[in-house]
Each structure stands twice: as C-alpha cells, then as structure tokens.
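See structure below.
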2 protein chains.
Amino acid sequence: MVEDVVRTLGFLCMGSRLRRIGERLQSDTQQVIDEAGLGIQAGQYPFLAAIDRSGPLTIGELAQAVGITQPGATRTIGQLLELGFVDMQPAPDDQRRRLVSLTGKGQDLVDHSKMVIWPRIAAAVADLCGDLDGPILQQLAAIEDGLAAVPLARRHAAKEEEA
Amino acid sequence: MVEDVVRTLGFLCMGSRLRRIGERLQSDTQQVIDEAGLGIQAGQYPFLAAIDRSGPLTIGELAQAVGITQPGATRTIGQLLELGFVDMQPAPDDQRRRLVSLTGKGQDLVDHSKMVIWPRIAAAVADLCGDLDGPILQQLAAIEDGLAAVPLARRHAAKEEEA
DNA sequence: GAATGTTATATAACGCGTTATGCATTCGTG
DNA sequence: CACGAATGCATAACGCGTTATATAACATTC
C-alpha cells in the first residue's frame with residue numbers, strides 16, 4: 001500500500017483534498033439519487049432548490065446562488081431545460097435577462113425531493129460528519145475514513161459509533 | 001445579493017461545497033506558485049512530492065498516492081514528462097509497469113519548492129484555517145469567508161485574528 | 001438621438017476529474 | 001507449454017468547473 005501524500009502533506013494539499021472529498025461525496029450522493037429512480041444529476045439540484053426558495057431567477061442570479069460562474073450556470077440550466085424541469089423567458093423589462101422558473105414537472109420533482117430524497121441525503125451526510133469536531137484536517141481524515149468504511153448510500157440516521 | 005443556497009442547504013450540498021472550496025483554494029494556491037515564477041501546476045505537485053518521498057513509483061502507485069484514478073495519473077505524468085520533471089522507464093522485472101522517477105530538473109524543483117514555496121503555501125492555509133475548530137459546516141463557512149476577505153496569496157504566517 | 005460604454009447571456013476552448021474500453025504483458029492452471 | 005484470466009497502462013469520451021470572448025440589449029453622454 002502506498003502512502004497517501006495528499007493526506008500526509010496536510011495544509012499544503014488542502015485544495016486537492018477538499019476537491020477529491022467533494023467529488024467522492026457527490027458521486028455517492030448521485031448513487032442515492034439513482035437508487036431512488038430520479039432522473040437528475042446531483043449537481044443540478046442546487047439550481048432547482050434556489051428557484052424553489054427564491055422564485056424565478058436569472059442566469060446570473062443562479063450562478064451567484066450556487067456559487068459558480070455564469071457559463072457554468074448557462075450550461076446546467078440548458079440541461080434542465082432539455083429535461084423539462086425549468087422554463088426560461090426574457091424578463092419583461094429587460095430583454096437581456098432570462099428568468100428561469102420551475103415547470104410543473106420541476107416543482108413536482110422538488111416537492112418530492114424535499115420529502116423523500118433530500119432528508120435522506122442530509123441524514124446520511126450528517127451521519128458521516130455531523131458529530132465531528134476539532135481541527136479540520138482531523139475531520140477530513142475522519143470523513144475519508146468514514147466514506148471508505150461505509151459509503152453514503154448505506155448510511156441512514158445518526159447511529160451510535162462503532163469505532 | 002442572492003442567497004447562497006449551497007451554504008444554506010448545509011449537509012445536503014456538502015459535496016458541491018467541498019468541491020467549490022477546494023477549487024477556490026487550489027486556484028489561489030496556483031497564484032502563489034505563479035507569483036514565485038515556477039512553471040508548474042498546483043495539481044502536479046503531489047505527484048512530484050510522492051516520488052520525492054517514496055522513490056520511483058509506477059503509474060498505478062502514483063494514482064493511489066495522490067488519490068485519483070489511473071487515467072488521471074497517466075495524463076498528469078504525461079505532462080510532467082513533457083516538462084522534463086520526470087522520467088519513465090519499464091520496470092526491469094515486469095514490462096507492464098512503468099517506473100516514474102524525478103529528473104535532475106525535477107529534483108531541483110522539488111528541493112527548491114520544499115524550501116521556498118511549500119512552507120509559504122502551508123503557512124497561508126494554516127493562517128486561513130489552522131486555528132479553526134468546531135462543526136465542519138461552521139469551519140467551511142469560516143474558510144469561505146476568510147478567503148473572500150483575504151485571498152491566500154496575501155496571507156503569510158499565523159497572525160492574531162482581526163474579526 | 002447617435003455614438004459609446006456596460007451588462008446579461010451564450011459560446012468556445014481548456015483543465016482535470018471520471019468511467020469504459022483496448023492492448024500488451026504476466027500469471028495460473030490443465 | 002499453451003491458453004484463459006488477471007494486471008498495468010493508454011486512450012477515448014464525457015462531466016462539470018474554469019477563463020476568454022462574442023453578441024444583443026440597455027444606459028449614458030454629448
């Protein structure tokens with residue numbers, strides 16, 4: 001077995017480390033979504049959630065809301081349009097701005113997700129790291145170990161620790 | 001100003017959140033590297049560090065060491081070969097395995113980085129989050145706020161907190 | 001009110017991760 | 001020792017982020 005340099009180097013490789021943990025978490029999340037039979041990508045959810053919370057938003061506002069750049073938002077919204085979850089129309093007062101809103105299908109998905117899937121994911125992540133405390137490097141190590149031991153899809157509610 | 005849904009949703013969007021913080025951190029790190037005039041990508045460093053620490057490694061071992069998949073390692077090593085920082089040759093006992101080692105130029109870069117650049121980066125990241133404690137979501141919020149307030153490249157050693 | 005600048009979105013090209021797959025080499029077994 | 005399985009790496013195609021740039025609509029200014 002080879003040493004994990006990213007972990008060993010600590011603060012020096014924190015960017016790489018956060019990224020790779022995020023990727024792992026997100027792909028585990030995707031698995032939960034797929035098991036529930038929803039035809040959506042994990043990364044698309046924040047866009048739907050943002051519109052659900054704040055009402056119709058423009059591309060630029062969505063980019064801000066999910067914390068990515070505008071071209072990324074344009075692309076994801078394009079996918080959600082294809083999927084029929086959102087609708088887009090020029091703002092009445094400013095033809096440059098495009099207001100993105102949920103379709104009936106999109107709202108149904110959000111409503112269903114809010115009841116069934118989001119609590120499930122949040123609970124699994126909370127089970128993974130909700131009780132952690134202390135320096136961040138330690139917590140990251142615990143999260144990586146935890147994911148390796150029990151993937152997100154097999155986690156449900158907070159249970160008594162076994163290790 | 002639009003609400004940051006990823007932050008608001010907490011555990012539900014933890015994957016996206018870790019990824020975006022990691023990306024931000026890594027691009028800030030890149031800026032430090034560029035300011036030092038080194039012609040290398042932040043993401044390539046862990047590979048050099050791994051070889052420096054463990055001696056020549058195969059592609060597969062490197063992938064393990066930096067925690068990515070084998071095709072990713074193949075690609076990055078290809079770049080480091082182009083740049084002349086590493087060298088690759090078939091293992092004597094097994095023609096399938098390719099042993100990757102540092103060239104003189106690569107070793108020079110690592111030696112210089114160990115003295116000058118890595119401590120600088122580690123100190124900046126430590127300044128950003130070394131003193132944090134508590135639940136991970138809180139720490140992540142502090143890191144995001146901290147990066148927004150003072151980018152990594154402007155951070156040096158641990159100083160007394162100002163907020 | 002025409003010229004000029006600014007803003008909102010779209011598009012293109014790229015970085016760096018992934019999965020899927022092909023090919024060469026080695027291993028295991030009849 | 002030959003043949004099928006396993007292993008190690010390369011390649012292709014894709015996901016999703018980025019930066020840079022084009023275009024259309026609005027704002028400003030003379």
Side-chain angles (χ1 to χ4, degrees), chain A residues 2 6 13 15-31 33-34 40-47 56-64 66-83 88-100, chain B residues 2 6 13 15-31 33-34 40-47 56-64 66-83 88-100:
Chain A
V2 186
V6 171
C13 290
S16 297
R17 186 128 177 238
L18 289 173
R19 268 190 23 181
R20 88 179 183 194
I21 298 174
E23 270 153 19
R24 174 76 200 273
L25 245 183
Q26 198 161 347
S27 88
D28 276 34
T29 300
Q30 186 65 54
Q31 197 184 333
I33 294 169
D34 291 344
I40 189 169
Q41 299 298 114
Q44 299 170 339
Y45 259 138
F47 289 83
L57 294 172
T58 67
I59 295 281
E61 289 166 339
L62 281 166
Q64 264 194 273
V66 309
I68 64 171
T69 56
Q70 169 262 311
T74 295
R75 185 189 302 174
T76 299
I77 291 303
Q79 297 165 351
L80 291 172
L81 272 169
E82 294 271 330
L83 293 169
M88 191 162 73
Q89 49 185 349
D93 56 322
D94 185 341
Q95 299 289 107
R96 291 171 305 180
R97 311 171 70 218
R98 307 296 178 84
L99 281 172
V100 182
Chain B
V2 186
V6 172
C13 290
S16 297
R17 186 127 178 238
L18 289 174
R19 268 190 24 182
R20 88 179 183 194
I21 298 175
E23 270 153 19
R24 174 76 198 275
L25 246 184
Q26 198 161 347
S27 88
D28 276 33
T29 300
Q30 186 64 54
Q31 197 184 333
I33 294 169
D34 291 344
I40 189 169
Q41 299 298 115
Q44 298 170 340
Y45 259 139
F47 290 84
L57 294 172
T58 67
I59 295 281
E61 289 166 338
L62 281 165
Q64 265 193 272
V66 309
I68 64 172
T69 55
Q70 169 263 310
T74 296
R75 185 189 302 174
T76 299
I77 291 302
Q79 297 165 352
L80 291 173
L81 272 170
E82 295 270 332
L83 292 169
M88 191 161 72
Q89 51 184 347
D93 56 321
D94 185 342
Q95 300 288 108
R96 292 170 306 179
R97 311 170 71 219
R98 307 295 177 84
L99 280 173
V100 181

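These figures come from a predicted structure and were not determined experimentally.
A donor-acceptor contact under 3.5 Å is formed by the side chain of B:Gln70 with the base of D:dA10. One can find a donor-acceptor pair under 3.5 Å joining the base of D:dT7 and the side-chain atoms of B:Arg96. No N or O donor and acceptor, one from the side chain of B:Arg19 and one from the base of D:dG17, sit under 3.5 Å apart. Side-chain to base pairing of A:Arg98 with C:dT9: no donor and acceptor N or O lie closer than 3.5 Å to each other.
A 4.5 Å side-chain heavy-atom check between B:Ile21 and A:Leu18 finds at least one atom pair inside the cut-off. Between B:Arg20 and B:Arg24, the closest side-chain pair of non-hydrogen atoms is not below 4.5 Å.
Between the OG1 atom of A:Thr76 and the CD1 atom of A:Ile68 there is a distance of 5.0 Å, given to the nearest 0.5 Å.
Rounding to whole angstrom units, CD of residue A:Gln89 and P of D:dA25 are separated by 17 Å. Atom pair B:Arg75:CZ and D:dG15:C1' shows a separation of 12 Å (rounding to whole Å applied). Whole-Å rounding puts the B:Leu25 CG to D:dG17 P distance at 17 Å. Rounding to whole angstrom units, CG of residue A:Asp34 and C1' of C:dT19 are separated by 14 Å. Between the CD1 atom of B:Ile59 and the P atom of C:dA24 there is a distance of 18 Å, rounded to whole Å. Atom pair B:Leu62:CG and D:dA10:C1' shows a separation of 15 Å (rounding to whole Å applied). Following rounding to the nearest Å, B:Asp94 (CG) and D:dC9 (P) show an atom-to-atom distance of 8 Å. The CD1 atom of A:Ile77 sits 14 Å away from the P atom of C:dT11 (whole-angstrom rounding).
In summary, the side chains of A:Gln70 and A:Thr74 do present a donor paired with an acceptor at a separation below 3.5 Å, with no hydrogens or angles considered.
Each of D:dC16, C:dG17, C:dT25 was ranked by its minimum atom distance to the side chain of A:Gln79; first place goes to D:dC16. Taking the side chain of B:Ile68 as heavy atoms from C-beta on, and the options D:dG8, C:dG17, D:dA25, the nearest nucleotide is C:dG17. For B:Glu23, taking side-chain heavy atoms from C-beta onward, the closest of the listed nucleotides D:dT18, D:dG17, C:dG17 is D:dG17. Between C:dT9, D:dC9, C:dT25, one nucleotide has an atom nearer to the side chain of B:Thr74 than all others, and that is D:dC9. Residue B:Thr58 has its side chain nearest to D:dC9 when only D:dT18, D:dC9, D:dA25 are considered.
Note on B:Gln41: a side-chain N or O is less than 4.0 Å away from OP1 or OP2 of C:dC16.
Within 4.0 Å (heavy atoms only), A:Ser27 reaches no atom of the nucleic acid at all. Counting any heavy atom pair closer than 4.0 Å across all strands shown, B:Arg20 reaches no nucleic acid atom. Using a 4.0 Å heavy-atom cutoff across all strands shown, A:Gly60 reaches sugar-phosphate atoms only and no base atom.
Residue B:Gly43 is the one, among B:Asp93 and B:Gly43, whose nearest nucleotide of DNA chain C lies closer to the 5' end (criterion: closest heavy atom).
A distance-only check finds a donor-acceptor pair linking the side chain of B:Gln30 to the backbone of B:Ile40 [under 3.5 Å]. A distance-only check finds no donor-acceptor pair linking the side chain of B:Arg97 to the backbone of B:Ile59 [under 3.5 Å].
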